[in-house]
Protein chains: 2
Amino acid sequence: MKKIMNDPSNVLDEMLKGFTYAYEHLLQRIDGTGVIYRHFVDKGKVALVSGGGSGHEPSHAGFVGQGMLSAAVCGEIFTSPTPDQIFEAIKKADQGAGVLLIVKNYSGDVMNFEMAQELAEMEGIQIKTLIIDDDIAVEDSTYTAGKRGVAGTIFVHKILGAAAATGLSIEEIKKIGDRLVPHIKTIGVAISPATVPEVGKPGFLLGEDEMEYGVGIHGEPGYRREKIKTSNEIAKELVTQLKAACQWEKGQHYAVLVNGLGATPLMEQYIFMNDVQNLLKEEGLIVDFKKVGSFMTSIDMEGISLTLLKLVDDEWNHYLQFPVVTPAWG
Amino acid sequence: MKKIMNDPSNVLDEMLKGFTYAYEHLLQRIDGTGVIYRHFVDKGKVALVSGGGSGHEPSHAGFVGQGMLSAAVCGEIFTSPTPDQIFEAIKKADQGAGVLLIVKNYSGDVMNFEMAQELAEMEGIQIKTLIIDDDIAVEDSTYTAGKRGVAGTIFVHKILGAAAATGLSIEEIKKIGDRLVPHIKTIGVAISPATVPEVGKPGFLLGEDEMEYGVGIHGEPGYRREKIKTSNEIAKELVTQLKAACQWEKGQHYAVLVNGLGATPLMEQYIFMNDVQNLLKEEGLIVDFKKVGSFMTSIDMEGISLTLLKLVDDEWNHYLQFPVVTPAWG
């Protein structure tokens with residue numbers, strides 16, 4: 001394992017220290033915890049809280065800021081944050097109008113956020129929870145019953161963050177979320193695995209010329225392993241899978257996210273974006289919003305994911321373009 | 001070589017297609033060239049143009065936009081752009097108040113930008129050129145007489161971009177640049193090399209447990225190779241080198257840039273930022289501006305660079321914080 005780091009067992013704390021230092025004008029950390037919260041307080045408006053295991057930087061703390069998350073809870077690497085820390089985040093985030101929890105569908109996350117919700121409700125804070133399960137690669141997985149939550153989660157942060165900023169109630173925001181989530185579909189591919197610092201070796205192995213379709217962001221198994229293909233062939237496979245999942249028709253409007261998985265250079269992400277562009281054009285889709293970059297990573301995994309969001313509501317596109325001030329949305 | 005790409009000889013064109021597609025709301029490409037220019041025209045104000053070989057994404061095209069570059073010229077991978085393309089960029093960028101060229105100190109770039117300057121002057125466009133040589137690692141290098149230009153270049157884009165946006169004349173902007181550049185110092189370290197797609201193998205080799213101090217962004221040799229050290233030890237070495245170069249004193253104000261070299265996860269960049277923070281605090285420096293991310297990369301090199309800019313003028317910090325709309329500054 002070759003990494004720029006110190007003690008492998010202290011990665012989370014050091015990383016959060018460096019992160020909060022870099023962005024101290026926007027956010028801070030509750031000392032001794034993995035809770036990052038924004039300085040900006042939007043009194044009387046709904047607050048959004050997300051989180052999960054770390055190792056997916058810049059997710060989720062990179063989306064804390066004006067117009068997106070009020071707080072993020074960072075667990076240990078690939079490990080759900082504890083209910084008490086999520087509870088702390090909720091209390092810190094609450095601006096008096098309730099807190100919406102945005103949770104990727106992993107059994108540990110779902111359970112711990114649920115326990116935190118109960119603790120918060122006992123304190124009289126109004127809470128709703130939205131589970132994200134955008135990964136269409138496999139049905140159940142190593143840490144998940146049902147589909148996994150992956151990169152599409154950042155579209156939820158962005159759209160509901162804007163909805164909250166405009167002053168909608170928690171019921172209204174939850175309703176948008178319930179409508180939105182089924183329209184977000186993601187699928188990824190890995191060409192090399194991730195190494196958890198404390199483990200010291202890759203979570204799975206791929207041959208020199210192998211790649212795997214459908215790998216999860218913790219290295220969970222995908223659906224097919226084969227010789228590495230060209231960007232265009234990979235794009236074709238992913239778009240074909242997404243087409244089946246979205247059941248799109250010509251002329252429909254979409255948002256597209258090309259997401260690097262951690263060690264994938266922008267050069268490759270741009271090339272892949274170009275292949276996706278051509279395929280979606282052939283399909284007759286109208287792409288109103290695009291984003292490319294490493295937003296939901298798997299430590300140092302090399303690979304890419306493709307997210308499509310069917311814009312069945314015009315407002316979602318407005319919300320995607322609503323101005324924000326966060327470390328990572330840009 | 002494991003990369004998400006198609007034809008290794010067509011990387012530049014496909015990459016620029018994907019990039020301009022992703023950011024078509026901000027910029028466009030002169031067809032058939034490596035010239036990217038912004039939609040936004042600030043009539044009567046000075047325009048900034050930069051560029052160089054590709055492989056450093058998001059540099060430089062990612063800094064094209066309101067408040068930074070008017071245009072960027074993207075050469076083939078690690079290859080200087082041609083004078084005719086630079087000339088095209090200058091003509092497209094000119095807003096009637098002259099064009100400042102920002103050039104990293106590589107012999108090919110310097111020569112080709114100089115030839116383009118002559119072509120533009122013959123057409124009556126007022127041109128000035130600023131050479132960036134922030135890399136303190138070595139004196140001369142493979143493609144350079146004198147010091148190399150590296151990540152500190154983005155501070156120049158940002159500060160002079162803001163100066164241009166406020167309406168300063170080309171003489172005034174050049175004067176700021178001349179004062180600014182000697183105060184920018186960078187040094188980097190690689191823990192694994194970059195692979196140019198058309199070459200198909202790494203530009204240099206490092207053992208399983210080796211790293212190299214002072215490597216250039218095209219894999220040019222550094223000044224010492226040794227067993228890989230901890231983030232804290234690497235930070236100490238780089239800060240010590242920078243201290244000698246900057247000759248800083250307690251209480252002086254600085255801007256800091258921690259820059260990933262392409263395949264370095266944010267996790268490691270944040271950890272390194274934390275170590276840098278602690279060292280600069282010990283030194284008694286006041287850090288007014290910090291930035292962390294992969295801004296000046298070397299394709300898929302793993303490693304990091306550290307840039308320090310002595311803020312001898314308050315205005316530089318204001319300019320760093322001046323709002324921009326570009327793909328990559330954030």
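Predicted model only: the values in this text are computed from it and were never measured. A, B, ... follow the sequence lines: proteins, then strands. Residue 1 opens every chain.
When heavy atoms are compared at a cutoff of 4.5 Å, A:Val11 approaches chain B by way of both its backbone and its side chain. Only the side chain of A:Ile77 comes within contact range of chain B, with heavy atoms under 4.5 Å apart. Contacts of A:Asp7 with chain B are absent, with no heavy-atom separation under 4.5 Å from either backbone or side chain. Proximity to chain B is absent for every atom of A:Gln269, based on heavy atoms less than 4.5 angstrom apart. With a 4.5 Å cut-off on non-hydrogen atoms, B:Ile299 touches chain A through its backbone and its side chain both. Looking at A:Pro197, only its side chain comes within 4.5 Å of chain B, counting heavy atoms on both sides.
Interatomic distance, B:Leu266 CG to A:Ser59 OG, rounded to the nearest 0.5 Å: 10.0 Å. We find the OH-CG distance between A:Tyr270 and B:Leu12 to be 12.5 Å, quoted to the nearest 0.5 Å. Here the straight-line distance linking atom CE of B:Met5 with atom CE of A:Met267 works out to 9.0 Å at 0.5 Å rounding. Of the inter-residue distances, the one linking B:Met1 atom CE with A:Glu208 atom CD reads 12.0 Å to the nearest 0.5 angstrom.
Proximity of a side-chain donor or acceptor of A:Lys2 to a complementary backbone N or O of B:Ile191 within less than 3.5 Å is detected. A distance-only check finds a donor-acceptor pair linking the side chain of B:Glu268 to the backbone of A:Ile4 [under 3.5 Å].
Most heavy-atom pairs under 4.5 Å with chain A, from the set B:Ser294, B:Ala263, B:Gly293: that is B:Ala263. Ranked by non-hydrogen atom pairs under 4.5 Å with chain B, the options A:Gly55, A:Pro58, A:Pro327 are led by A:Pro58. Comparing A:Glu210, A:Lys291, A:Glu302 by heavy-atom pairs within less than 4.5 Å of chain B, the highest count is held by A:Glu210. Ranked by non-hydrogen atom pairs under 4.5 Å with chain B, the options A:Glu57, A:His25, A:Met301 are led by A:Glu57. Note: B:Ile271 leads B:Ile271, B:Val189, B:Ile234 in heavy-atom pairs under 4.5 Å with chain A.
Counting heavy atoms from C-beta on, the side chains of A:Asn6 and B:Asp275 come closer than 4.5 Å.
The two residues A:Ala22 and B:Met273 make their nearest non-hydrogen contact at CB-CE, 4.2 Å. Heavy atoms only, all atoms of each residue included: B:Lys17 and A:Gln277 are closest at O-NE2, 3.9 Å.
The side chain to side chain contact (heavy atoms under 4.5 Å, CB included) with B:Val292 is formed by just one residue from the set A:Tyr23, A:Tyr21, A:Phe19; it is A:Tyr23.
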